[in-house]
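A short worksheet on the structure shown next.
Letters A, B, ... are given to chains in the order of the sequence lines, protein chains preceding strands, and every chain is numbered from 1.
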Amino acid sequence: MSFEFEIVATDGKARAGILHSPHGDILTPVFAPVGTAGTVKAVPPRDLEDLDAQLILANTYHLFLRPGDDLVRDLGGLHEFMCWGGPILTDSGGFQVFSLADINKIDADGVTFRSHIDGSQKRLTPERSMQIQQNLGADIIMAFDQCPPPNDRAEVEAAVARTHSWLRRCRQAHPDDEKQALFGIVQGGIFPDLREASARFVTDMALKGYAIGGLAVGESKQEMYATLDQTLPCLPHNKPRYLMGVGEPDDLLEGISRGVDIFDCVIPTRLARHGAAFTQAGRINLRNARYRADESPIDSALDNYASRFSRAYLRHLLIAKELLAYYLISLHNIDFLVRHVQNMRQAIIEGSLREYAARFLPRYLRHGLTAE
RNA sequence: GUGGACGUAGCUCAAUGGCAGAGCACCUGAUUGUGGUUCAGGCGGUUGAGGGUUCGAGCCCCUUCGUCCACC
């Protein structure tokens, strides 16, 4: 019964669904806050429960290096280790190997790299990634893939071939049973023919869900949307679709409108650390001097613990580099995105997603739009 | 009181007698499958004050004010 995906309602291409998992149902579309090293960075799981976050992502690369997947397994798995009773998704570790570590060698079999923490040499292969993710014990795990720069056709072609070969090995190495679902990843950069071929290959593996990778990594938003337009119809309608690493509020809307069910992104917490907050009127930078004496909350439309604090106080915390600033603004930004996605789910059920988009999108059309 | 050192951007300090600069702070902007970083740009000066020498003075000379140190 686990991992059954029910589509509750559709509005155009957008879908409202329920993905069953061993640790609870996931109401989609869903935005998964991102955790690092087994804890959600700066925001305790208790708060995420309060915000009604239904899925969180934990990073395999970080947990592999520290504290180690064996230890997490011995301590009862990730849910118990990090005190999060809800569904968890782990990435494959591949992305961070490519973005954080010093790569020594990438070959057909896997990747040898040096840890960014202590410089020690490590190796990840599709089989090892599956083993680590089994040890971590997430509900949804990701195939080990290669995410290349999206505009370089030769590189993308090579990465697609490698990703497919690795997916076959992941599929073999992992039981893909009712305890843990393996999702495959479509690559192909911004090239329609490569995306289509990749979608076909990945779909043939008959997995419990499918991800679109290799986007939001340098291409323009128009290129990303065009790629979604072209790729999503190539994926099975009755399986969840996960757009990896996205995104910003407008991207969530654009993705959902096109039929994406699952998202994850660093942006609510990373922006919080840089002092930026989402509001109904657009993005604001709380470091700005204009908020020095602003007694209003970040966004009066939200009601969470951070809502009690004035912009002036949050600005003071930021300027003073107080950890509380990162916590409160992260809480706010996650609340904003979770609410945003929940609103869209409700709009899909009511058949009013276009109206929601018309109200919401203009404020977020321009990247970095400043409010008021 | 005597002798000495030093006064340059908000702060800490650079600058052969030859375009007055850096770091930090402050003010903006960027950050999309997480290391709080980093990057890009901007504001900011009667060089304590006054006079002199010089083609030209932050720099040399005189006066003055201030700070610090040492010694009566």
| request: Please tell me which of the listed nucleotides, G33(B), C27(B), U32(B), lies nearest to the side chain of Lys221(A)? | output: U32(B)
| Hey, what do you get for CG (Leu124(A)) to CE (Met130(A)), rounding to the nearest 0.5 Å? | 10.0 Å
| task | Convert the base pairs of RNA chain B into dot-bracket notation, remembering that pairs crossing earlier ones are written with [ ] and that bases paired across to another strand are shown as |; include only Watson-Crick or G-U pairs under 3.5 Å. | result | (((((((..((((....[..)))).(((((.......))))).....(((((..]....)))))))))))).
| query | Taking the six-membered ring for Trp, are the ring centroids of Phe278(A) and His332(A) within less than 6.0 Å of each other? | reply | no
| Under-4.0 Å salt bridge between Asp109(A) and Arg162(A) | no
| said: Closest approach to the side chain of Cys265(A), judged atom by atom: which nucleotide of C27(B), A25(B), U32(B) is it? | reply: U32(B)
| field | Nucleotide C26(B), atom C1' - distance to NE2 of His316(A) in whole Å | value | 17 Å
| field | Per Asn288(A) side chain, nearest of listed nucleotides A25(B), G29(B), U32(B) | value | G29(B)
| Arg359(A) and Glu355(A) ion-paired at < 4.0 Å | no
| For Phe183(A), which of Asp176(A), Leu89(A), Ile141(A), Ile262(A) qualifies under side chain to side chain contact (heavy atoms under 4.5 Å, CB included)? | Ile262(A)
| query | Any donor-acceptor pair under 3.5 Å between the side chain of Asn59(A) and the base of G33(B)? | reply | no
| message | Say we look at G51(B) and G4(B): how far apart would their P atoms be, to the nearest angstrom? | response | 26 Å
| query | Out of U32(B), G33(B), G36(B), which has the shortest distance to the side chain of Ser92(A)? | reply | G33(B)
| note | Taking for Gln146(A) and for Leu323(A) the nucleotide of RNA chain B with the nearest heavy atom, the one nearer the 5' end belongs to Gln146(A)
| task | Go through residues 114-127 of chain A and report each residue with a non-hydrogen atom lying under 4.0 Å from RNA chain B, sorted by number. | result | His116(A), Ile117(A)
| request: Could you state the atom-to-atom distance from CZ of Phe263(A) to P of U32(B) in whole Å? | output: 17 Å
| Under the salt bridge (charged side-chain N to carboxylate O under 4.0 Å, His left out) rule, what pairs show up with a residue in residues 316-335 of chain A, not counting sequence neighbours? | Asp335(A)-Arg339(A)
| P atom, U16(B) versus C6(B): distance in rounded Å? | 14 Å
| said: Looking at Arg315(A), I'd like to know whether one of its side-chain N or O atoms comes within less than 4.0 Å of OP1 or OP2 on C27(B). | reply: yes
| message | Any carboxylate oxygen within less than 4.0 angstrom of a Lys/Arg side-chain nitrogen, looking at Lys221(A) and Glu248(A)? | response | yes
| P spacing across the pair C68(B) / C13(B), given as an integer number of angstrom | 15 Å
| message | Under 4.0 Å, counting only non-hydrogen atoms across every strand here, what does Gly94(A) touch: a base, just sugar-phosphate, or nothing? | response | nothing
| task | Identify, residue by residue, the members of residues 134-144 of chain A with a heavy atom below 4.0 Å from RNA chain B, and return them in order of residue number, or none. | result | none
| message | Check Lys208(A) with Asp177(A), please: is the shortest side-chain N to carboxylate O separation under 4.0 Å? | response | no
| query | Which nucleotide in the list G36(B), U28(B), G29(B) gets nearest to the side chain of Ala289(A)? | reply | U28(B)
| query | Under the salt bridge (charged side-chain N to carboxylate O under 4.0 Å, His left out) rule, what pairs show up with a residue in residues 7-34 of chain A, not counting sequence neighbours? | reply | Arg15(A)-Asp261(A)
| remark: The residue, His274(A) or Asp91(A), whose nearest nucleotide of RNA chain B is more 5′ is His274(A)
| C1' gap between A9(B) and A22(B), integer Å | 11 Å
| query | Given the C1' atoms of A15(B) and G7(B), what is the spacing between them in whole Å? | reply | 16 Å
| remark: side chain to side chain contact (heavy atoms under 4.5 Å, CB included) with Thr90(A): of Leu57(A), Asn59(A), Asp139(A), Leu78(A), only one passes, and it is Leu78(A)
| request: Using the P atoms only, state how far C11(B) lies from A25(B), rounded to an integer number of Å. | output: 15 Å
| said: Side chain of Glu248(A) only, heavy atoms from C-beta on: which candidate in U32(B), G36(B), G33(B) is closest? | reply: U32(B)
| Positions of residues 150-164 of chain A (non-hydrogen atom under 4.0 Å from RNA chain B), listed by number | none
| request: Examine A30(B): is either OP1 or OP2 under 4.0 Å from a nitrogen or oxygen in the side chain of Arg283(A)? Give yes or no. | output: yes
| remark: Which of G33(B), U32(B), G35(B) is nearest the side chain of Ile267(A)? It is U32(B)
| query | Can you find a donor-acceptor pair, distance only, under 3.5 Å between Arg287(A) side chain and G29(B) base? | reply | no
| field | Value in whole Å for how far the C1' atom of G36(B) lies from CD of Glu322(A) | value | 13 Å
| field | Approximate separation, where rounding is to 0.5 Å, of Phe336(A) CZ and Ile334(A) CD1 | value | 13.5 Å
| query | Does the distance from a Lys or Arg side-chain N to an Asp or Glu carboxylate O, for Arg123(A) and Asp107(A), drop under 4.0 Å? | reply | yes
| query | So which nucleotide from U32(B), G33(B), G29(B) ends up closest to the side chain of Gln187(A)? | reply | G33(B)
| When rounded to the nearest Å, what value does the distance between P atoms of C60(B) and U8(B) take? | 15 Å
| said: Under a 3.5 Å threshold, yes or no: a donor from one side chain and an acceptor from the other, between Asp50(A) and Tyr305(A)? | reply: no
| task | Give the rounded distance in Å between these two atoms: CZ of Phe98(A) and P of G33(B). | result | 16 Å
| task | May I ask you to say what Leu243(A) touches in the nucleic acid, namely base, sugar-phosphate or nothing, with a heavy-atom cut-off under 4.0 Å? | result | nothing
| query | With rounding to whole Å, what would you report as the distance between G23(B) and C62(B) at their P atoms? | reply | 37 Å
| message | Can a side-chain donor-acceptor contact be found between Ser307(A) and Asn304(A) if the only test is distance below 3.5 angstrom? | response | yes
| field | Side chain of Arg270(A) (C-beta onward), nearest among C27(B), U37(B), G33(B) | value | G33(B)
| query | Please give, in whole Å, the distance from U32(B) C1' to Leu271(A) CG? | reply | 9 Å
| task | Let me see the working for Leu235(A) and Val202(A) under side-chain contact (heavy atoms from CB on, under 4.5 Å), right down to the final yes or no. | result | CA-CA 9 Å; Leu235(A) 295 172; Val202(A) 175; 5.8 Å; no
| message | What's the separation between atom CD in Gln342(A) and atom CE in Met344(A), rounded to the nearest 0.5 Å? | response | 10.5 Å
| query | Would Tyr61(A) and His116(A) count as a close aromatic pair, with their ring centres under 6.0 Å? | reply | yes
| query | What integer distance in Å separates Ile319(A):CD1 from C27(B):C1'? | reply | 10 Å
| field | Nearest-Å distance for atom pair CD1/C1', residues Ile185(A) and G33(B) | value | 8 Å
| task | Measure from the side-chain heavy atoms of Asn285(A) and tell me the nearest of G29(B), U32(B), G35(B). | result | G29(B)
